[in-house]
Protein chains: 2
Amino acid sequence: MSHPRQHADTDRLARQIDFAVEIDKLKQIVRQTYLMDRSRKENDAEHSWHFALLASLLAEYAAEDVDVLRVLRMALVHDLVEIDAGDVVVYDAAARAGQAELEQAAAERIFGLLPDDQGAELRTLWEEFEARATPEARFAKAIDRVQPILHNYATQGATWRDHGITKQMVLATNAHVADGSPALWAFVQRLLDDAAARGYLADPPEGEHA
Amino acid sequence: MSHPRQHADTDRLARQIDFAVEIDKLKQIVRQTYLMDRSRKENDAEHSWHFALLASLLAEYAAEDVDVLRVLRMALVHDLVEIDAGDVVVYDAAARAGQAELEQAAAERIFGLLPDDQGAELRTLWEEFEARATPEARFAKAIDRVQPILHNYATQGATWRDHGITKQMVLATNAHVADGSPALWAFVQRLLDDAAARGYLADPPEGEHA
């Protein structure tokens, strides 16, 4: 098949166009999260858009001053490695452990399509995000978790119930939201109290407190 | 149904959460553009993500200096009015004329969900984009057109052929790309020459030059 890169004037633009074509695949990486009307699960491209727009609107709640442009660029690229590595349920610790190596290889290949300067910049940004190494990364990680929690609440816990997730599991897995935004973590806690009362979450195992 | 807004501490956060829930519908507004593997048409949320990421990567080709954060925020919100007004083929001038009023009403409703300051800010940003009133808006409009042209080329003209679009129609409808980025417009012209040679575009009517 012919490729648009053949019509780019310079090798630099050609590599940027290659990347633009490759990342279209993010639209086919399906997540565990349902759309709010429960009609289907959402994909990584849709999630990345929602995340970026919410980050832009909710930046006033960041724990520290953040460079919003940097947060938005993190949001836009944070899931690209899943084109090769796939999406793994955030509550599945065993599966997540095996992901790190796959994701590093994916980062090498996908960011490697870009001109060297841009590839290195986006890879650094993705690693900063993954490590929650900066105020921007901590805030971005918070929004990346708040978005699917809103979806779960709106769908009466559809994904939580699919996977037997209890309120304690949600609190433990997402506690880092507080590092990025104490205000949004307080909101999430109130939402989870109500979700538990309504039966949107799985019951804790016998003998444990609710 | 219960709503997450009931768990927001302040009216301000409650309105932001209302907006976050409402805009999930953008994921169901289907465009005419096919995914690059032709498996299905893409939706506005996926397009907005792709547009924003490409704008971030291709900003070096903008005709004038641009504030990239402003461009990204335009990309993230530019299609929200289509939640109410729907998507219209860019080549259908008659349908587009009727859209303006619908889109104004949609902007009123959807941006009106937000706290007043943020709603006014996003509406102004959307109007700036629509009017191509600033360097940021002209560059954003260019990327908004380059993205589906890449999709059309990658799918051997799938949407162009669905709608009988000729090379002359693509050139006329997208000529404003040159205002946002002469370099990207030159790239598009080379891509269209090749697309026409390969038969990806409809033939011009009898008696007109190709």
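In what follows, chains are A, B, ... by sequence order, proteins preceding strands, each numbered from 1.
- At a 4.5 Å heavy-atom cutoff, B:I149 makes no contact with chain A through either its backbone or its side chain.
- In terms of non-hydrogen atom pairs under 4.5 Å with chain B, the most contact-rich of A:D24, A:I23, A:L72, A:V21 is A:D24.
- By the 4.0 Å N-to-carboxylate-O rule, B:R5 lies close enough to B:D11 to be salt-bridged with it.
- Put simply, CH2 on A:W185 and CG on A:N174 are 5.5 Å apart, with the number rounded to the nearest 0.5 Å.
- With a 4.5 angstrom heavy-atom cutoff, A:L54 touches chain B only via side-chain atoms.
- Looking only at heavy-atom pairs under 4.5 Å with chain A, the residue among B:Q118, B:H47, B:R40, B:H50 that has the most is B:H50.
- Per-residue heavy-atom pair counts under 4.5 Å with chain A were compared for B:L69, B:D44, B:V188, and the maximum is reached by B:L69.
- For the set A:R73, A:Q147, A:Q28, A:K25, the count of heavy-atom pairs under 4.5 angstrom toward chain B peaks at A:Q28.
- Residue A:E60 touches chain B through its side chain alone, counting heavy-atom pairs closer than 4.5 Å.
- Neither the backbone nor the side chain of A:R70 has a heavy atom closer than 4.5 Å to any heavy atom of chain B.
- Taking chain A as the reference chain and counting heavy-atom pairs below 4.5 Å, the highest number among B:V77, B:L114, B:D37 is found for B:D37.
- Using modelled atom types, one finds no donor on one side chain facing an acceptor on the other under 3.5 Å when comparing B:D87 with B:Q32.
- At a 4.5 Å heavy-atom cutoff, A:L192 makes no contact with chain B through either its backbone or its side chain.
- For B:R12 and B:D117, the salt-bridge test passes: some basic side-chain N is under 4.0 Å from an acidic carboxylate O.
- Comment: B:R138 does not engage B:D179 in a salt bridge, judged by the lack of any side-chain N to carboxylate O separation of less than 4.0 angstrom.
- For A:L150, the part lying near chain B is the side chain, with the backbone staying farther off; criterion is any non-hydrogen pair under 4.5 Å.
- Heavy-atom distances place the side chain of A:E42, and not its backbone, under 4.5 Å from chain B.
- Residues B:F19 and B:L80 share a closest heavy-atom pair of CZ-CD1, 3.7 Å.
- Side-chain atoms of B:H7 never come within 3.5 Å of backbone atoms of A:F187 as a donor-acceptor pair (strictly under, hydrogens ignored).
- If you run salt bridge (charged side-chain N to carboxylate O under 4.0 Å, His left out) between A:R123 and each of A:E108, A:E103, A:E130, only A:E108 comes through.
- Residue A:F51: no heavy atom, backbone or side chain, is found under 4.5 Å from chain B.
- A:I83 is listed as a side-chain neighbour of A:E22, based on a closest heavy-atom distance under 4.5 Å.
- Note that the CH2 atom of A:W160 and the OG1 atom of A:T155 stand 8.0 Å from one another [nearest 0.5 Å].
- Within the 4.5 angstrom heavy-atom criterion, only side-chain atoms of A:N43, from C-beta onward, approach chain B.
- A:E46 touches chain B through backbone and side chain together, each having a heavy atom under 4.5 Å away.
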